[in-house]
Every structure is written in structure tokens, then in C-alpha cells.
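What follows is one structure encoded as C-alpha cells, with my remarks underneath.
Atom set for the values below is all heavy atoms of this structure, side chains included, hydrogens, waters and symmetry mates excluded. All ligand and atom numbering here is 1-based and tracks the order in the structure.
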Amino acid sequence: MRLLDGKLAVIAGVANKMSIAWGIAKAYHEQGATIALFCLESNLRRVTKLAKELNIDHVFPFDARNDQSIVEAFESLNTLFNGKLHILVHSIAYAQVEDIGNEFINVSKSGWNLALEVSAFSLVTFCKCARPMMNAAGEGSIIAMTFGGGEKVVPGYNIMGVAKAALNMSIQYLAYDLGPENIRVNGIASGPIKTMSSLMVKDFSNSLGLMEVQSPLLRNVTLEDVSGSALYLASNLSSGISGSIIKVECGMNSVLSPSVPHQRYK
Ligand SMILES: NC(=O)c1ccc[n+]([C@@H]2O[C@H](COP(=O)([O-])OP(=O)(O)OC[C@H]3O[C@@H](n4cnc5c(N)ncnc54)[C@H](O)[C@@H]3O)[C@@H](O)[C@H]2O)c1
């Protein structure tokens, strides 16, 4: 018996093989889940082709800037899974390059709204759509990807840090709302991993370098590290865990103030 045998899962956020969502899809596939993917409309062809590698036949397009497109993706999922869903993974985020590369004080109102809409509010819409399907399944586990820059300043992360702070609190309030229905909501705060999104973050390679010399495990986080924790949160092994954020960053959070110079001194 595998950990996710009989479970129906939807994973949002595969862009390519480097995506955290792809690592999670592989782990869930190996453990027996039936999987559908949601992806950004413009990635549909590429992701549909990639999905075949895991025998995933259903990839539904959506755009987190458009609530109706999320509703329509869930309507398709509802038909595919006969009204039931056990696992939902939210692994999407977006901010304009100019809003993460410059001083935070100069963030535009439209850039702020866009980052929070795509990276945090979409989780609320996802949960609203998943709720009846998880109720029909009798249980649910919802997992969102977050980052330590939502708790403390990570130079260069800026508006994404604010969006992650909103996401982190949304995880907790959603867990409170949905807990009585046996639906759990948790987050994973991953350390830095090289992906299409993370490469947009200024000084990202510095963060990777610091992990190798400052983290207790003296290495960077891998997709397998993150997908292992996502597997645990999706499975019944974590049945008593909700409203939590698991830090998968090689112990970095336990080390006092990493010694990086202020960005003005570079
Ligand atoms: N890579 C890291 O270092 C790291 C660390 C901690 C947390 N995270 C988080 O992990 C999640 C996945 O990121 P990733 O690193 O795998 O990068 P990625 O680029 O592979 O994934 C980001 C996904 O967000 C999707 N997306 C962006 N705008 C969208 C929109 N308007 N509608 C629908 N989808 C949209 C992209 O298409 C992409 O699939 C994000 O929430 C990210 O903040 C990443």
C-alpha cells in the first residue's frame, strides 16, 4: 500500500521540470495518487507534454489574475474527479521584476496588488472552489508554497515577502475555517531552489551560496527535500497537522542573523 493510493490530487504551478510543483507531482505519482494539473494558460502546451511523463492526461489552464478562470478550472476538475478531491497544492507566485529588484519603498500600488492577487489571494479562491469537493471526499489536505522572506527581511525579495506574509496568515485563517470539515491547510517554507521564478530574485545566487556555508546541513535544499515534506502533508501521516508552516531549508532558520552586508554596501 502506497501513501497516496486512492487519493485524488490537483497541483497548480508546474512551468517546467525545475518547478517545485513538478517535484511534488513526481512524488505524488510514485505514491499512487491520481493527479491533474492546473497551469498558466501560456504554459499549457509545454506542461501537457511534460505531464505525459507521469501519465497525467489532464492539465487545465487558469490565470490567477482572473477568478473566473480558476472557477472554470475547478469545474473541469469536478467533472474529471466526479465531485471529489483529497489534495490541493498551490505552488504559484508572481511579482513584477521592478518591484523585487529595487528599494521596497518604491513599490507601485498596481505592483503590490498584482503580487498579492496572484501569490496570496488565489489560495483563498482555490480553497473556496476545493471545499465542496473535499467535503464530498470526507477529508482534504491543502498545501501552499511559501518562503522565509514572508517572516523576515530577505534583501531583494521585497514585495514577494509581503505577499508571502499575506499567504502565511491566509493559510492559518483558512485552516481555522476549514478544520471543522476535516480539511487541513498547511504551508512549506522552502529554502532557495533554482527555478524560473527564483532566478528573477536579485542576488538569488548569493542565497544559494550562503546555504552551503551557513546552514546546519551545509547544503542547499533539493526538489526531493521539498516534495518529501509535501508528500507527508498530503498523506494521513500528518493527520493532526493544520495551520502550520514547515520549514524545509536545511535548518537555516535556527542560525542567528546570517552575516550579509546591507545592500547599500555592495
Ligand atoms: N524556488 C525557490 O527558491 C522558492 C523558495 C520558496 C518558495 N517558493 C515558492 O514556490 C512556488 C513555486 O515556485 P517555483 O520556484 O517552483 O517557480 P516556478 O516558476 O517553476 O513556478 C511558479 C509558477 O507560478 C505560475 N504563475 C505565475 N503567475 C501566474 C498566474 N497569473 N496564474 C497562474 N499561474 C501563475 C507560473 O506559471 C509557474 O508555474 C512559488 O509560490 C514560490 O514563491 C520558491
Any chance the side chains of [X] and [Y] put a donor and an acceptor closer than 3.5 Å?
X	Y	result
Glu75	Asn78	no
Ser239	Asn236	no
Asn253	Glu249	yes
Asn168	Glu151	no
Ser198	Thr195	yes

Which of the atoms in ligand 1, numbered in the order shown and given with their element, are less than 4.0 Å from a heavy-atom of [X]?
X	result
Ser197	17 (O), 18 (P), 19 (O), 21 (O), 22 (C)
Thr195	1 (N), 14 (P), 15 (O), 16 (O), 17 (O)
Ser198	1 (N), 2 (C), 3 (O)
Leu40	29 (C), 30 (C), 31 (N), 32 (N), 33 (C), 34 (N), 37 (O)
Pro192	3 (O)
Gly191	3 (O), 5 (C)
Met196	19 (O)
Ser19	16 (O), 18 (P), 20 (O)

Test item, Lys194 contacting ligand 1 (heavy atom, 4.0 angstrom): no
Measure the distances from the heavy atoms of Gly148 to every atom of ligand 1 and state whether one is below 4.0 angstrom.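 Gly148 does not count as a contact of ligand 1 under the 4.0 Å cut-off.
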Identify, for [atom], the protein heavy atom at the shortest distance, and state residue, atom and that distance.
atom	result
atom 36 (C) of ligand 1	Asn43 ND2, 4.5 Å
atom 1 (N) of ligand 1	Ile193 O, 2.9 Å
atom 10 (O) of ligand 1	Met145 CB, 3.4 Å
atom 27 (C) of ligand 1	Ala93 O, 3.4 Å
atom 11 (C) of ligand 1	Ser91 OG, 3.4 Å

Minimal non-hydrogen separation, Glu212 against Leu218, with atom names: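 For Glu212 and Leu218, the tightest heavy-atom pair comes out as O-CD2, 3.3 Å.
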Distance-only, no hydrogens or angles: does the Ser235 side chain make a donor-acceptor pair with backbone N or O of Leu237 under 3.5 Å? yes
Is atom 38 (C) of ligand 1 near the protein, in the sense that some protein heavy atom lies at less than 4.0 Å from it?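 Flag for atom 38 (C) of ligand 1 set to true, protein heavy atom closer than 4.0 Å.
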Is there a polar contact, in the sense of an N or O pair closer than 3.5 Å, between [X] and ligand 1?
X	result
Gly13	yes
Ala64	yes
Asp63	yes
Ile20	yes
Asn16	no
Lys164	yes
Val118	no

Does [X] pair with [Y] as a salt bridge, N-O distance under 4.0 Å?
X	Y	answer
Glu181	Arg131	yes
Lys17	Glu53	yes
Lys128	Asp177	no

Gap between atom NZ of Lys247 and atom OG of Ser190 - 0.5 Å precision: 13.0 Å
Atom SG of Cys127 and atom NE2 of His90: how far apart are they, to the nearest 0.5 Å?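 Result: 8.5 Å between the selected atoms.
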May I ask you to identify, for Thr146, whether its side chain, its backbone, both or neither come under 4.0 Å of ligand 1 on a heavy-atom basis?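 For Thr146, only backbone atoms sit under 4.0 Å from ligand 1.
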Side chains of Lys52 and Asp57 in contact at under 4.5 Å (non-hydrogen atoms): yes
Please test Lys7 against Glu139 for salt bridge (charged side-chain N to carboxylate O under 4.0 Å, His left out), starting from the C-alpha separation and ending with a verdict. CA-CA 10 Å; Lys7 304 275 189 189; Glu139 63 177 48; 2.5 Å; yes
Can Phe62 and Phe126 be said to form a ring pair (Phe, Tyr, Trp, His ring centres under 6.0 Å), step by step? CA-CA 11 Å; Phe62 78 108; Phe126 271 32; 5.6 Å; yes
Heavy atom to atom 33 (C) of ligand 1, shortest distance: which of Phe204, Trp22, Phe62 holds it? Phe62
Run down the list Tyr157, Phe38, Tyr94 and name the one with the heavy atom closest to atom 28 (N) of ligand 1. Tyr94
